[in-house]
Undergrad: 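One structure, as structure tokens, below. Some questions next.
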2 protein chains.
Amino acid sequence: MKVAEAAARSGLPAKTLRYYEEIGLITPRRRDNGYRDYEDGDVNRLRFLRRARQMGFSIADCRQLLSLFDDQDRESADVKSIAVRHLAHIDARIEEMNLLRRNLARLVEACHGDGRADCPILDDLSGRPGCGCEPEET
Amino acid sequence: MKVAEAAARSGLPAKTLRYYEEIGLITPRRRDNGYRDYEDGDVNRLRFLRRARQMGFSIADCRQLLSLFDDQDRESADVKSIAVRHLAHIDARIEEMNLLRRNLARLVEACHGDGRADCPILDDLSGRPGCGCEPEET
DNA sequence: CCTTGACGTTCCAGCCACTGGAAGCCTTAT
DNA sequence: ATAAGGCTTCCAGTGGCTGGAACGTCAAGG
């Protein structure tokens with residue numbers, strides 16, 4: 001099948017399919033006229049990639065996961081270790097975001113948000129003390 | 001002061017100071033020899049930018065916040081609306097991440113992670129049913 | 001047989017917010 | 001005089017695409 005159908009079946013934009021080929025993730029055959037020719041197996045791999053990307057795996061991770069996916073002699077431990085690492089990464093990001101959210105929410109609540117110039121948000125950003133959200137400052 | 005000192009005082013890399021000038025955020029004067037010459041006010045603005053970026057505000061937001069910071073006749077409502085919008089954005093991202101984390105954690109727990117090829121993580125990514133994490137699929 | 005239009009192809013540019021590095025100028029110390 | 005270090009500019013790369021231009025291919029209709 002041609003790129004548009006593979007795109008439709010995999011749920012990825014055709015542009016992305018071309019990009020994945022460019023970086024060597026999925027390399028479909030070519031017809032005599034130069035058109036890409038995707039097979040069902042390619043579509044499966046593309047779907048796999050779409051879901052892995054949806055799960056937040058990097059392209060580098062996806063490359064490894066895909067090769068494990070293709071490898072019948074894989075060890076699930078290898079898959080799990082990639083996933084565990086990714087999970088730790090996500091947890092760290094969630095922690096950051098929660099901290100961020102707490103600080104920002106506190107500022108938003110403190111700001112009366114009217115016509116006056118006085119503003120705790122700007123005060124905080126400009127470094128006024130009293131917020132305790134500075135990690136370390138010389 | 002020259003760029004290295006402004007960088008040290010603001011807590012930003014010198015490269016970033018040059019970049020901020022390039023995009024028109026902070027434009028220090030120049031000495032006769034072409035060197036950038038930062039003043040204390042510039043350093044304050046740089047610190048402001050550093051903290052705002054730390055809070056996750058985009059450069060576009062920072063630009064607006066900085067102009068409000070500089071404007072003595074600002075209305076705190078304008079600041080607050082930027083912050084509220086950002087907070088909503090963060091909340092949405094946290095929600096995404098939490099969903100992601102739940103799905104990934106479930107898969108990681110389900111994977112025995114030994115020498116066998118059988119792997120629920122790959123099963124899920126390849127589209128095997130039973131995970132319920134597909135938003136909509138044709 | 002020719003045209004039209006929908007596809008396909010490649011390549012280049014841009015997004016965000018920097019970051020690294022090269023090549024060359026300026027200043028200070030020896 | 002020279003060496004070291006900091007300053008300047010400009011170009012390229014990061015990740016993961018996305019948009020667009022310019023051109024090739026193919027099936028259908030007149």
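Because the structure is predicted, anything quoted here is derived from the model rather than measured.
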Undergrad: Send over the distance from B/L12 CG to C/dC18 C1', rounded to a whole Å.
TA: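 That distance rounds to 11 Å.
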Undergrad: With the side chain of B/P13 defined as its heavy atoms from C-beta on, choose the nearest nucleotide among D/dG16, C/dT19, C/dA17.
TA: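 Nearest listed nucleotide: C/dT19.
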Undergrad: Can you list the steps and then say if B/H112 with A/S76 is a side-chain contact (heavy atoms from CB on, under 4.5 Å)?
TA: CA-CA 7 Å; B/H112 30 68; A/S76 66; 3.2 Å; yes
Undergrad: Please check: side-chain N/O of A/R74 versus main-chain N/O of B/A117, any donor-acceptor pairing under 3.5 Å?
TA: yes
Undergrad: Would you please confirm or rule out a distance under 4.0 Å between OP1 or OP2 of D/dT9 and any side-chain N or O of B/R18?
TA: no
Undergrad: Within the 4.0 Å heavy-atom criterion, would you say A/R30 contacts the bases, only the backbone, or no part of the nucleic acid?
TA: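 A/R30: backbone/sugar contact only, no base atoms under 4.0 Å.
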Undergrad: Test for a donor-acceptor pair under 3.5 Å between the base of C/dG21 and the side chain of B/K15, counting only N and O atoms.
TA: yes
Undergrad: Roughly how many Å is it from NE2 in A/H89 to C1' in D/dG15, rounded to a whole number?
TA: 12 Å
Undergrad: Tell me the interatomic distance from B/E22, atom CD, to C/dC16, atom C1', rounded to whole angstroms.
TA: 13 Å
Undergrad: Do any side-chain nitrogens or oxygens of A/R31 fall under 4.0 Å of OP1 or OP2 in C/dT9?
TA: no
Undergrad: Contact class for A/A4 vs. all strands (heavy atom < 4.0 Å): base, sugar-phosphate, or nothing?
TA: sugar-phosphate
Undergrad: Does C/dC25 have OP1 or OP2 sitting under 4.0 Å from an N or O in the side chain of B/N33?
TA: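 No, no such contact exists.
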Undergrad: With sequence neighbours left out, which residue pairs that include part of residues 54-65 of chain A fulfil the salt bridge (charged side-chain N to carboxylate O under 4.0 Å, His left out) condition?
TA: A/D61-A/R85
Undergrad: I'd like to know whether B/D40 forms a salt bridge (Lys or Arg N to Asp or Glu O under 4.0 Å) with B/R9, so could you lay out the CA-CA distance, the side-chain angles of the two residues, the decisive distance to 0.1 Å, and finally the verdict.
TA: CA-CA 9 Å; B/D40 287 344; B/R9 286 205 200 173; 3.5 Å; yes
Undergrad: Is the distance from OP1 or OP2 of C/dT9 to the nearest side-chain N or O of A/R36 less than 4.0 Å?
TA: yes
Undergrad: Round to a whole Å and report the spacing from NE2 of A/H86 to P of D/dG15.
TA: 16 Å
Undergrad: Look at the side chain of A/Y35 and the base of D/dG24, then say whether one donor and one acceptor between them are separated by less than 3.5 Å.
TA: yes
Undergrad: Do the side-chain N or O atoms of B/Y20 get closer than 4.0 angstrom to the phosphate oxygens (OP1, OP2) of C/dA17?
TA: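 No, outside the criterion.
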Undergrad: With heavy-atom distances below 4.5 Å as the criterion, would you say the side chains of A/I59 and A/L49 are in contact?
TA: no
Undergrad: Report yes if at least one side-chain N or O of B/R50 is closer than 4.0 Å to OP1 or OP2 of C/dA17; otherwise report no.
TA: no
Undergrad: Would you classify B/F57 as touching base, sugar-phosphate or nothing, given that sugar-phosphate means primed atoms plus P, OP1 and OP2, and contacts are heavy atoms under 4.0 Å?
TA: nothing
Undergrad: Under 4.0 Å between a side-chain N or O of A/T16 and OP1 or OP2 of D/dG16?
TA: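 For D/dG16, neither OP1 nor OP2 has a side-chain N or O of A/T16 closer than 4.0 Å.
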Undergrad: How many Å lie between CZ on A/R63 and P on D/dG15, as a whole number?
TA: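 My rounded result for the distance is 11 Å.
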Undergrad: Can you check the A/K2 NZ to C/dG8 P distance for me, whole Å?
TA: 6 Å
Undergrad: What is the separation between atom CZ on A/R29 and atom C1' on C/dG8, rounded to the nearest whole Å?
TA: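 Those two atoms, CZ and C1', are 20 Å apart.
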Undergrad: Provide, to the nearest angstrom, the distance between the CG atom belonging to A/L17 and the C1' atom belonging to C/dG8.
TA: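 Going from A/L17 (CG) to C/dG8 (C1'), I get 13 Å.
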Undergrad: Of all the nucleotides listed (D/dT8, C/dC18, D/dC17), which has the minimum atom distance to the side chain of B/R53?
TA: C/dC18
Undergrad: If you assign each of B/D37 and A/S58 to its closest nucleotide in DNA chain D, which residue comes earlier from the 5' end?
TA: B/D37
Undergrad: If we ignore hydrogens and angles and just use 3.5 Å, is the side chain of B/R31 paired with the main-chain N or O of B/R36 as donor and acceptor?
TA: no
